[in-house]
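Below: one structure, written as C-alpha cells.
The figures here come from the full heavy-atom set of this structure, side chains too, leaving out hydrogens, waters and symmetry mates. Residue numbering restarts at 1 for every chain, and letters A, B, ... go by the order of the sequence lines.
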Amino acid sequence: MPGLEDLYREIILDHYRTPRNRGALDTPPAVVAQGHNPLCGDEIQVYLLVDGDVVQDVKVGGQGCSISQSSASMMTQAIKGKSVAEAHRILDAFRRMMGLEVDGDPEDVNLGDLEALQGVVKFPVRIKCATLAWTTLAQAMDDAGA
Amino acid sequence: MPGLEDLYREIILDHYRTPRNRGALDTPPAVVAQGHNPLCGDEIQVYLLVDGDVVQDVKVGGQGCSISQSSASMMTQAIKGKSVAEAHRILDAFRRMMGLEVDGDPEDVNLGDLEALQGVVKFPVRIKCATLAWTTLAQAMDDAGA
Amino acid sequence: MGLSAATIKEDFPILSRTIDGRPLVYLDSANSTHKPRQVIDAMANFMRNSYAPVNRSSYRLAAESNDFYEGARSRVQAFINARKAHEVIFTKNATEALNLIVQSWGRANLSAGDVVLLTHMEHHANIVPWQMLQAEKGFTIRWVPLTDDGQLDLTDLDRLLDGAKVFSFTAMSNVLGTITPVRRLTDAAHAAGALAIVDGCQYVPHHATDVHALGADFLAFSSHKLCGPTGVGVLWGHESLLDAMPPFLGGGNMISDVRLDGFDTAELPSKFEAGTPPIIEVVGLGAAVDYLDSIGMAAIRQHEMDLTGYALRTLKERFGDDIRIYGPDNVEVRGATLSFDFRGIHPHDVSQVLDQTNVCVRAGHHCAKPLMRILGTPATTRASFYIYNDEHDADALADALDSATDIFGF
Amino acid sequence: MGLSAATIKEDFPILSRTIDGRPLVYLDSANSTHKPRQVIDAMANFMRNSYAPVNRSSYRLAAESNDFYEGARSRVQAFINARKAHEVIFTKNATEALNLIVQSWGRANLSAGDVVLLTHMEHHANIVPWQMLQAEKGFTIRWVPLTDDGQLDLTDLDRLLDGAKVFSFTAMSNVLGTITPVRRLTDAAHAAGALAIVDGCQYVPHHATDVHALGADFLAFSSHKLCGPTGVGVLWGHESLLDAMPPFLGGGNMISDVRLDGFDTAELPSKFEAGTPPIIEVVGLGAAVDYLDSIGMAAIRQHEMDLTGYALRTLKERFGDDIRIYGPDNVEVRGATLSFDFRGIHPHDVSQVLDQTNVCVRAGHHCAKPLMRILGTPATTRASFYIYNDEHDADALADALDSATDIFGF
Ligand SMILES: Cc1ncc(COP(=O)(O)O)c(C=O)c1O
Ligand SMILES: Cc1ncc(COP(=O)(O)O)c(C=O)c1O
C-alpha cells in the first residue's frame with residue numbers, strides 16, 4: 001500500500017500553504033471557467049488571459065484540498081508566459097501522468113515541480129482532485145479560443 | 001410433501017368433467033360479476049338471481065383449471081335454492097376452510113362435497129384457484145344487494 | 001467446443017437438491033435462472049472482504065469496492081460489445097430499464113400525433129410503460145402482427161413504421177421462443193427515422209450479443225435471467241442519446257450540484273444511477289458474465305439449439321397431436337423456450353402434475369396477455385431450458401406429461 | 001441489556017480484515033453498513049437451496065421461494081409496526097421510494113400554486129425528486145430553516161405549513177446527526193392538512209420504529225444502511241393512500257390485465273413492484289431485520305447514545321477549539337453521526353490521513369449540498385458509528401486526527 005509520503009511531498013504542501021497566482025482577472029479581457037469536483041463539492045475558477053499566442057496571465061480562485069490547490073498553483077507557474085501550444089503540451093502531459101486518456105502521441109515534456117504529483121496516481125480517488133484545475137483550464141482555453 | 005391424491009379427489013375431477021350449472025342468466029333480472037386470477041389469466045363469470053331472500057338461480061361462465069372449475073360447480077350446487085343468509089354462511093365457511101381471514105365467529109356449516117377441496121390448502125398456490133368463484137360470488141351478492 | 005450440461009450442473013448447488021428424494025428438473029429459466037457457486041461466492045466474498053459504499057468515499061476500502069463495481073461495468077460493456085463503459089447503466093431490472101427509456105426519452109420526445117411501434121409478442125414490460133405515457137401524451141401505438149407459426153409478420157412493416165418515432169421489440173419472445181430478425185428490424189426502424197429499442201431479456205443470456213452488430217439504439221436486459229442475482233438490470237444506450245436525455249430518478253449521485261432553487265445533472269453513468277446502486281448485485285452480475293464467458297456464448301447457443309431440437313422431436317414423437325407447441329419449428333429462429341397446450345388440460349393442472357416429479361415449468365400468461373388473446377388461450381404451459389439442462393430433462397418432461405394423461409386424459 | 005460491540009464485531013467478517021496489518025476502523029455506517037454473516041449466509045443459502053421466481057410460478061420450489069419473499073415482507077412489517085403487510089413495498093433503495101411518492105402521489109396531486117415543505121437538512125434524495133416535478137408542475141417549495149446548533153428551527157412552522165399539501169422531512173440528518181421531532185412535525189403537518197412523509201434512512205437502522213406512533217403517512221428507508229444488502233429499499237405507506245395512487249413503473253406483476261388498448265392495475269403490494277423484484281435481497285433484508293431484532297433496537301439506541309457521548313467528550317477534550325463538531329451536543333436529540341471541521345484542514349486531506357490507519361470516514365458534501373452552503377463549507381469530514389463500533393474506534397479516530405495535525409498543522 002502506498003504511504004502518505006507518496007502523496008504529501010514537501011513541494012506539494014509548500015504550494016498548498018502559499019499558493020501562487022491566487023486571485024482573479026478582469027473578464028474581459030480575460031476569460032473565466034468554473035470547475036467542480038462533485039465528490040467533495042470543491043469549486044475552482046481559472047482566469048485566463050491569452051494574448052495572441054501567449055498565455056499572458058492566469059489566476060485561480062475557489063477552494064479545495066491540498067492536492068487540488070497545489071496542483072492549481074503549480075499549473076499556473078507551469079503555463080504562465082508560455083505559448084498556447086506549449087500550454088497544451090503541458091496539459092496533455094499532465095493528464096497522461098495522471099493516467100487519463102489523451103488523443104495523439106505522448107511527447108517529451110518536462111513537468112518540473114508538477115512531477116511531485118505523480119504519487120497521486122497511487123490514490124485513484126484523488127486523481128480528480130489533481131486534475132480539477134487542469135480540466136477547468138482546458139475549458140478556459142476553449143472559451144478563449146486558444 | 002402432499003401428494004396429488006390430496007388435490008385431485010375423484011369428486012373434484014367429476015365436477016370438472018361435468019360441471020353443474022354452467023351458462024348464463026339474463027341480466028337483469030340476474031346480476032353478473034367478473035372474476036379473474038391474475039396469476040394464470042383465468043376468467044370467470046358468476047350470474048346470480050336473488051329473489052327476495054332466496055338464491056333463485058346461479059350459473060357460471062368462463063374457463064379455468066380443474067380446481068377453479070370444480071369449486072365453481074360445487075358452489076352453485078351448494079347455494080342454489082338456499083336463503084341469502086345461508087349462502088353467506090356457506091361462503092364464510094368455505095373461505096375459512098381455505099385458510100382465509102373472515103370476520104365474525106366460525107359457525108358449524110356442513111359443506112358437503114365441498115369438503116373435498118380441503119386438500120387444496122396444502123397447495124397454497126392453488127388456493128386462489130379454489131376461491132376464485134367464491135370471491136366473484138361475494139361480489140355478485142354485493143351487486144344484488146344480498 | 002460442446003458444452004457439458006452435467007459438468008455445468010455441478011456448479012449449481014440448488015440442482016443437487018432433492019424434493020421427495022428426487023432431483024429438480026428445472027425448466028423455468030426463461031422466468032429466472034439459478035445461480036452458480038461462482039456467483040454466490042463472488043457476492044458472499046465481496047461482502048466478507050471488500051464491501052463499502054461506492055462513488056462517495058475516498059478511503060482504500062471504498063476505492064477497492066469501487067473497483068469491483070466499475071470492473072463489473074467494464075465486463076458487462078465487453079459482454080455486449082459496447083463502445084463506452086458509461087453507456088452501461090445499472091437499473092434494478094429490465095423493467096426499470098424500459099421504464100427509464102419511456103419516462104426519460106419518451107416523455108421528452110413523444111407527443112400527440114406521434115407513433116410508437118410495438119409487436120404482438122411483447123412482454124408487459126415493453127407494453128405497459130408505453131401505455132402509461134400514452135395516457136399522458138396521447139400518441140398512437142401500432143403493433144406488428146404475427147404469422148401462424150408465431151414469427152413477426154413483416155409484410156406491412158414499412159407501412160407500420162411510416163411516421164413512427166420509435167420501434168421497441170423483443171429479440172426473443174418469452175412465450176413462443178421466437179427469435180426476431182433484430183438487425184432487419186433495427187435497419188427498417190432507422191430507415192424510417194425511428195429509434196430501435198431492443199428488449200434483450202430473453203436474448204442476451206443465450207446469444208453472443210453485440211449492440212452494434214444488432215444496430216440497437218437501446219438494449220435492456222436482466223441479471224437474474226443470466227445466472228446473476230436479482231436486484232440488477234442493465235440499460236445500454238448510445239452515449240449521444242443518453243447524454244441528451246433528462247434524468248429519470250432524482251437523488252444522490254445523479255447530480256453535479258443541488259441548490260435550493262434547482263440542480264445540475266451529473267455525467268453518465270451517474271446521471272441515471274440515483275441513490276446507492278445495487279453494489280453487491282452488480283458484483284454478482286460481473287461474476288455471472290465471467291461465468292457465461294468461460295463457457296462461451298457460441299457453445300451455449302449451440303447447446304440450446306441441439307436441446308430444443310431434441311425436445312421438439314421427443315414431444316412430437318411421444319404425443320403427436322395431443323401436444324400443440326407454439327412458435328416456429330426451426331431451431332435457427334427459436335430459443336429453448338417451449339410453450340404448449342397438452343390435450344386441452346389446463347396449464348395449472350399440467351404444471352401441478354409435473355411438479356410431483358419436480359419438473360418445474362411455468363403455467364400462465366407469462367406477462368404477455370395480449371399475445372395470449374391472440375393465441376386464443378388464457379394460459380400456456382412453458383418449459384424453458386438453459387445451460388444446466390440436457391436431454392434427460394426433456395425426457396423427464398415427457399414422462400411427467402404421461403402422468404398428466406393418466407389423471408386428466410378423460 | 002447492554003450491547004457488546006466486541007461480540008457483535010465477530011458477526012461481521014469484514015471487520016476482521018486487516019489492511020497493512022491493521023484492522024478496519026469503519027466509521028462510515030451512515031453511508032452504508034457492513035453485513036453480518038447471518039445476512040451473507042441467508043442470501044447464499046437461499047440461492048443454494050430455495051431460489052426460484054416469485055409471484056408467477058406454481059411448483060413447490062417457487063412456492064417455497066415465495067414464502068421466503070413474503071415472509072421477509074411480514075418481518076419488515078413487524079419491524080416498523082405497520083398494520084398490513086401489503087403496505088410494505090420493496091423498491092431498489094430509499095431514493096426510489098421517495099421518487100415513487102413524488103412521481104405517483106405528487107404528479108397526481110400537485111399543481112401550480114401548491115406548496116411542498118422540505119427542510120434545509122434534507123438529503124438530495126428528498127430534494128431533487130421534488131425539484132424535478134416542480135419543473136413540470138410549477139408548485140412552490142418552502143424550507144424549514146435551522147437553528148445555530150443544527151436543529152430544525154420550528155418558530156415559523158405553522159406559517160410555513162400554511163397551505164402546504166405535503167411536508168417531507170428526514171427523521172435524522174445524515175450530516176448533523178440531528179434527530180428531528182417527528183411526531184411533532186407529523187402532527188403539525190396534519191393540523192395544516194398536509195401529508196407527512198418521513199425519510200427514515202438514518203432513523204430506522206438506529207431506533208425502534210413505529211409508523212403509527214410517528215404519525216407518518218409514508219416512510220422510506222434502505223436495507224443497506226441496516227446491515228442488509230444493497231439493491232432493496234422500503235416504502236411504507238397507508239393502505240388508503242397507496243390504493244388511491246396511480247402506478248409508478250409499468251410491467252409484469254403490477255397489472256391485473258393488459259390489453260392492446262390499456263391495462264388494469266394489480267392490488268397492493270404488486271401494484272408498485274413492477275418486474276422481477278429483488279428476491280434475494282429481500283431475503284437478506286429479512287435476515288438483517290431479524291439480526292437487529294435479536295440485538296434489540298432499544299439496546300442499539302442506548303449503545304449509540306453512550307458512544308456518541310464518549311466520542312463528543314473525547315474529541316473536545318483532546319482537540320478543544322481545533323475541532324468544530326456540527327449539530328447538537330445533547331445525545332437525546334442526535335445520533336452517532338459526527339460531522340466536523342478539524343483545524344480548517346480540507347476534509348479530503350483529513351480522511352486521507354485517517355485512512356492510513358484504516359480509519360474510514362467520509363469526506364464530502366454527503367449528498368446535502370444545500371445544507372453545506374448553509375453551514376458555509378463545501379464539505380465536512382463525517383465519522384458515523386454503528387453497533388459494531390465502540391470506544392476504541394472513537395479513540396482511534398482521535399489518534400488519527402493527531403497525525404493530521406502533524407502533516408497539516410501549519
Ligand atoms: C437521509 C437520507 N435520505 C436518503 C438517502 C438515500 O438512500 P439510498 O442511497 O439508499 O437510496 C440517504 C443515504 O444516502 C440518507 O442518508
Ligand atoms: C421478454 C422480456 N422482457 C422483459 C422482462 C422483464 O424482466 P424483469 O422482470 O427482470 O424486469 C422479461 C422477464 O420477465 C422478459 O422475458
Measure distances from A:Glu43 to the heavy atoms of chain D and classify the residue's part below 4.5 Å as side chain, backbone, both or neither.
side chain
To the nearest 0.5 angstrom, please state how far the CG atom of D:Asp329 sits from the OG1 atom of D:Thr308.
11.5 Å
Just by distance, no angles: are the side chains of D:Tyr388 and D:Asp393 close enough, under 3.5 Å, to form a donor-acceptor pair?
no
Pairs of heavy atoms under 4.5 Å with chain A: top-ranked of D:Pro347, D:Ala363, D:Gly364, D:Ser403:
D:Gly364
If I measure from the heavy atoms of chain A, does D:Val350 come under 4.5 Å with its side chain, its backbone, both, or neither?
neither
Ionic contact status for A:Glu10 with A:Arg17, cut-off 4.0 Å:
yes
Look at A:Arg9 together with A:Asp14 and state whether they make a salt bridge at an N to O cut-off of under 4.0 Å.
no
